[in-house]
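The structure appears right after this line, and notes come after that.
This chain uses plain numbering: 1 for the first residue, then up along the sequence.
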Amino acid sequence: MSHGDFDGGWDSLARLVDGRWVERRPRRPEVAAQLRRETRLMPWLAPRLPLPVPVPEVVSDEPLVVRHALVPGEPLTRPGHGRAHGRELGLFLRALHDCPADEASRLGVPTRPPGDAVPRFEADVVPLLPARRRETAHELLAAARRLTGGTLVHGDLGPDHVLTADGVLTGVIDFGDVHLGDPALDLAWALHDTAPAFAAAVADAYGVTEDQRARALTWHRLGPWHHVTFGLDHDDPVITREGLLGVLARLPATPGRR
């Protein structure tokens, strides 16, 4: 039998069992409801998507353990991914965002107002920034307050959660942050932190509008703010500092510049 622990993210402890099953258990009590929600949502969602996704089921209630078949592949973190990968991801996101939000809501998917984190960012993150960058930071948070949406979204789409093997995408994982929100959130990394050919193929396959592209840039700039608050919540100065460096790197250099 082959067993091994591996990174399950911020919310779950995960291990590989027999080389083919992923077992996950919550790191914190409040994550249990999230894992149970995935066991209701993913069997409904998986057949609607063009790429494999985890479909977990409960195997133990006390303590809570869920299990799903391993989605094969390696994270799409190596350089050089291009148009073929981008097209596959664009079609996947189009299918995900076209899923009926009302049915997802009945399965327990929460609605998350796009600007719900802004008050926390203003109170706890802006004061940690250099004074000369705060005006630009406030402009970004004002743009975040204007975001809207009620679409089913992955909620944490990045290279670690998109898998590839033998030149094709093999799946998308980690639906712990799935919610009803702004679809531009799922386009943030794909359009604004990838190779130009990849980003162009995503946009073409998905049918990205200029408004979605602009909203995705706002989301991309907000990404590291969540790392800062996570570091603060868990008294982890390393994560906090890395998050702050990311916030500063993604802010425009001067107020009003996109």
Side-chain angles (χ1 to χ4, degrees), residues 10 86 89-90 93 96-97 101 110-161 176-196 198-200 202-204 206-258:
W10 287 352
L89 185 61
L93 290 175
L96 174 64
H97 295 166
T111 297
R112 188 177 301 169
D116 65 349
V118 171
R120 174 80 192 279
F121 293 158
E122 289 178 332
D124 294 345
V125 181
V126 173
L128 301 178
L129 302 177
R132 68 183 184 280
R133 307 299 300 278
R134 292 177 190 169
E135 182 179 353
T136 306
H138 283 300
E139 286 189 353
L140 174 62
L141 297 182
R145 285 186 182 277
R146 295 190 292 270
L147 296 171
T148 61
T151 297
L152 183 66
V153 299
H154 179 281
D156 190 22
L157 193 72
D160 290 339
H161 298 154
D177 288 311
V178 66
H179 64 276
L180 302 181
D182 182 4
L185 170 61
D186 286 347
L187 295 165
W189 160 74
L191 295 183
H192 296 292
D193 198 18
T194 58
F198 180 93
V202 169
D204 182 62
Y206 183 91
V208 169
T209 66
E210 287 308 307
D211 178 65
Q212 289 170 332
R213 188 183 299 275
R215 294 189 343 251
L217 180 57
T218 295
W219 282 115
H220 175 62
R221 288 171 171 168
L222 285 172
W225 294 68
H226 294 279
H227 289 256
V228 178
T229 54
F230 183 89
L232 293 173
D233 288 343
H234 294 82
D235 195 24
D236 190 323
V238 174
I239 291 179
T240 301
R241 176 172 171 74
E242 289 175 349
L244 287 170
L245 290 174
V247 168
L248 293 171
R250 294 187 188 183
L251 279 176
T254 58
R257 183 184 300 172
R258 294 191 63 83

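How far CG of L217 is from CG of D193: 11.0 Å, rounded to the nearest 0.5 Å. Between the CG atom in D233 and the CG atom in D124 there is a gap of 8.0 Å [rounded to 0.5 Å]. The CD atom of E139 sits 10.5 Å away from the CG atom of L141 when rounded to the nearest 0.5 Å. In this structure, the separation between OG1 on T136 and CZ on R221 is 9.5 Å, given to the nearest 0.5 Å. Between T240 atom OG1 and E242 atom CD the span is 9.5 Å, to the nearest 0.5 Å. Atom CH2 of residue W219 and atom CG of residue L187 lie 12.0 Å apart, to the nearest 0.5 angstrom.
At most 12 non-hydrogen atoms from other residues, nucleotides or ligands lie less than 6.0 angstrom from CG of D235. Other residues, nucleotides and ligands place more than 12 heavy atoms under 6.0 Å from the CZ atom of R145.
In this structure, H192 contributes its side chain and R213 its backbone to a donor-acceptor pair below 3.5 Å. A donor-acceptor distance shorter than 3.5 angstrom exists from the side chain of R133 to the backbone of L248, with no hydrogens or angles considered. At least one donor-acceptor pair under 3.5 Å links the side chain of D186 to the backbone N or O of G155.
Two residues are said to be in side-chain contact when any heavy atoms from C-beta on lie closer than 4.5 Å; L232 and R120 meet this criterion. Residues L244 and L129 meet the side-chain proximity criterion, which asks for heavy atoms closer than 4.5 Å. Contact annotation: the side chain of H227 never approaches that of L245 to less than 4.5 Å [non-hydrogen atoms, C-beta and beyond]. Within the 4.5 Å cutoff, no side-chain heavy atoms of T194 are placed close to those of V202. Side-chain contact between L185 and R112: absent, with no pair of heavy atoms (C-beta onward) separated by less than 4.5 Å. The shortest distance between side-chain heavy atoms of D182 and V153 does not fall below 4.5 Å.
Ring geometry, H161 versus H154: the interplanar angle falls from 30° to 60°, so the pair is classed tilted. Note on ring orientation: taking the six-membered ring where Trp is involved, the planes of Y206 and H97 are perpendicular (angle over 60°, cut-offs 30° and 60°).
Listed here is the closest heavy atom pair of L191 and A216: CD1-CB, 4.2 Å. Among all heavy-atom pairs drawn from P224 and G243, the shortest one is CB-O, 3.5 Å. Shown here for P127 and R134, the closest heavy-atom pair between the two residues is O-NH2, 3.1 Å. In terms of heavy atoms, H220 sits closest to R250 at O-NH1, 2.6 Å. Minimum interatomic distance between G150 and A101 (heavy atoms only, all atoms of both residues): O-CB, 3.4 Å.
A side-chain contact (heavy atoms from CB on, under 4.5 Å) with F121 is found for one member of V126, T229, V247, L140 and no other, namely T229.
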Side chain to side chain contact (heavy atoms under 4.5 Å, CB included) between W225 and V118, worked out: CA-CA 10 Å; W225 294 68; V118 171; over 6 Å; no
Working for side chain to side chain contact (heavy atoms under 4.5 Å, CB included), residues T151 and L180: CA-CA 5 Å; T151 297; L180 302 181; over 6 Å; no
